[in-house]
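Values below: all heavy atoms of this structure, side chains included; hydrogens, waters and symmetry mates excluded.
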Amino acid sequence: MAKRMILGVFEAGTQQIGGTTSWAHPRSQNGDFRDIEYWIDMAKMLDDAGFDLLFFAGGSFGYASLKGELSDVLVRAGMMFSLDGAYLIPALAAATERLGFVVTTTTGSDHPLHTVRKYSTLDHVTKGRIGWNIVTGASQNTMSKMLGQSEMVPHDKRYEAAAEYVEVALKFWEGGNDDDAVVLDREGGVFADPDKIHLVEHEGEYYRSRGYHTQPPSPQRSPVLFQAGTSEAGRAFAARHAEGVFIQGTTYEQTAASVADIRRRAAELGRDPHDIKLIVGVTIVTAATSEEAHRLRAEFEQLQTDELAAHYYSGNTGLNLMEFDPDLPLKQQLPDDGLAGQMGVSNIERFYSRPDGSAPTVREILDDLKGRGTRGFAITGDPVEVADELERMMDATDLDGFMLEAVFNTASMRDVIDLVLPELRRRGRLDPAPEGGTLRERLLGRGPHLAPEHPASVPRAVGLTV
């Protein structure tokens, strides 16, 4: 039986995503990102089409930067301003029935209790359709300066702190209150049972907390836990904590290796490796004919420049590709002390080598980024060609699904919905969706709470806090 395909849409609260520009193209002029109706219409369209989730990237901070400083190139291309997706979600949830929502929160920019309250509230107002994309901050140089920090925290150290941040949050979500803490005994005058509200304590290297979770258990208790990034530290973090992982799309061989490695690590920790859903970004340009699809792709690519690609890549990694020799591989030109890899490690390592062992030159990297930015894979063709490639990608990598990264905003989403989804349904790749109203039930096909094998589910399962 063919594996069901998870489908999401990647957004960032902006008019423009992914390090490429297309907002001025006639097909992209279908709404203003500052207008809540734009997002409501998008969410309703995805809900009606059967998409599983709408994913908001971003985080606490970030701007169009070149090595942490404002880039005129990126500002003009439409990559400076963005809305906070977390504040859009209540309106979108009220307008939809099944669509899940995943929103990014950066660890290290506040205390975990802020995240605890935010996601508990969102889980209540969405009736259990919320997920948390946990990031340590690819644009750490930007975030450090905006928070007044004198230096950037090293990459692996950020993951150590992030692991503790998540641990604190999960202690409150999973161990803070019993499911039946709210009793609503009007005759007895008892709103909640104090014996079912538990003290949570944490004393760690990065965080300390002692107190009570001041919200009743939400439908999922903990949001569905997502993580993005496939560096060594990122894969280890994902194997322990994540239920969904946004894989860096490089080659099919490298993607398959990342998928297998995360599943192996999860199994070694006693988790069901298929309780982690691995998803990759994909840019799809499709039309009724292959010729028309390739014409649209060509129009999109004509809007891109070397400067745009290099400036966006710099904002994610701290590396300005325009300063390197274009005829040499990137890895060959990086310093030996490892400092160049402290930001966006996955986005640097993706260009270290090809499956045949060769390394792309900086010129080849720029050409690749011009075609898709820091997005995942790119597919162009008629509906059958696109469906064929999506199936081939899943079968070759053991991926669980795809995050659509639209080229021409909602017009691209509509193309996929009208042309490609019917073909995927005909092949049995989309239906039936797992039953249940929560995002966790829809993605994992099991109950609304963390799986018993997840490390954080233990406190609630045995009635203890840790």
Side-chain angles (χ1 to χ4, degrees), residues 9-36 38-39 42 55-85 88 104 137-146 281 283 285 295-324 326 330 343-344 347-348 351 362-376 378 404-413:
V9 163
F10 180 95
E11 281 291 341
T14 63
Q15 196 82 25
Q16 189 69 56
I17 63 168
T20 56
T21 187
S22 60
W23 64 271
H25 190 280
R27 297 203 78 222
S28 295
Q29 296 174 24
N30 42 34
D32 188 327
F33 79 102
R34 297 168 293 182
D35 184 353
I36 188 61
Y38 172 79
W39 298 104
M42 180 191 299
F55 181 105
F56 284 100
S60 300
F61 304 97
Y63 55 78
S65 62
L66 177 68
K67 289 190 173 181
E69 300 302 326
L70 191 68
S71 161
D72 291 351
V73 172
L74 295 179
V75 170
R76 294 189 183 100
M79 298 175 204
M80 174 64 185
F81 301 115
S82 65
L83 304 182
D84 189 328
L88 302 174
T104 299
S139 299
Q140 268 289 313
N141 191 35
T142 297
M143 192 172 82
S144 298
K145 290 179 180 178
M146 293 182 77
T283 297
V285 178
R295 184 187 66 77
L296 289 171
R297 169 68 71 176
E299 290 181 6
F300 165 74
E301 291 180 350
Q302 287 170 5
L303 299 171
Q304 318 311 317
T305 65
D306 285 352
E307 290 76 16
L308 174 61
H311 282 221
Y312 189 80
Y313 188 74
S314 173
N316 278 271
T317 65
L319 304 178
N320 182 4
L321 295 177
M322 302 297 285
E323 296 176 351
F324 292 87
L330 176 62
M343 290 172 58
N347 263 322
I348 297 173
F351 294 119
V362 169
R363 174 67 266 162
E364 290 171 326
I365 294 172
L366 282 169
D367 289 341
D368 183 88
L369 292 172
K370 284 168 64 178
R372 57 176 175 165
T374 54
R375 305 168 189 246
L404 177 63
E405 300 174 320
V407 170
F408 300 120
N409 296 341
T410 55
S412 290
M413 300 176 203

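The two residues S71 and H311 come nearest to each other via the heavy atoms OG-ND1, 2.6 Å. Here the closest non-hydrogen pair linking M322 and A310 is CG-CB, 3.4 Å. Here the shortest heavy-atom pairing between I365 and L321 reads CG2-CD1, 3.7 Å.
A 4.5 Å side-chain heavy-atom check between E11 and M42 finds at least one atom pair inside the cut-off. A heavy-atom distance below 4.5 Å is not found between the side chains of W23 and F33. For the pair R297/T283, a side-chain contact is recorded, criterion being any heavy-atom separation below 4.5 Å from C-beta on. At least one side-chain heavy atom of Y38 sits less than 4.5 Å from a side-chain heavy atom of N30. Looking at L66 and N320, their side chains come closer than 4.5 Å, going by heavy atoms from C-beta outward. In this structure the side chain of L74 never reaches within 4.5 angstrom of the side chain of M80, judged on heavy atoms.
The closest donor-acceptor contact from the side chain of Q304 to the backbone of T20 lies at 3.5 Å or more, if one exists at all. A side-chain donor-acceptor contact under 3.5 Å links Q29 to the backbone of A24. With S412 contributing its side chain and A406 its backbone, the two residues share no donor-acceptor pair below 3.5 Å.
Residues H25 and F300 place their aromatic rings such that the two centres sit no closer than 6.0 Å. Close placement of the F56 and W39 rings is indicated, their centers lying within 6.0 Å of each other.
With rounding to the nearest 0.5 Å, the separation of OG in S314 from CD in E69 is 10.0 Å. A distance of 5.5 Å separates CG in L83 from CG in L88, rounded to the nearest 0.5 Å. Annotation: the span from D368 atom CG to L366 atom CG amounts to 9.5 Å, rounded to 0.5 Å. A distance of 9.0 Å separates OG of S22 from CD of Q15, quoted to the nearest 0.5 Å. Between Q302 atom CD and K370 atom NZ the span is 11.0 Å, to the nearest 0.5 Å. Residue L369 holds its CG atom at 10.5 Å from OH of Y312, rounded to the nearest 0.5 Å.
M79 pairs with exactly one of V73, L308, I17 by the side-chain contact (heavy atoms from CB on, under 4.5 Å) rule, that one being L308.
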Using the rule given for side chain to side chain contact (heavy atoms under 4.5 Å, CB included), can you reason through D306 versus R363, listing the C-alpha separation, both sets of side-chain angles and the distance that settles it, and then say yes or no?
CA-CA 9 Å; D306 285 352; R363 174 67 266 162; 2.8 Å; yes
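Within a 6.0 Å radius of CZ in R34, other residues, nucleotides and ligands contribute 12 heavy atoms or fewer.
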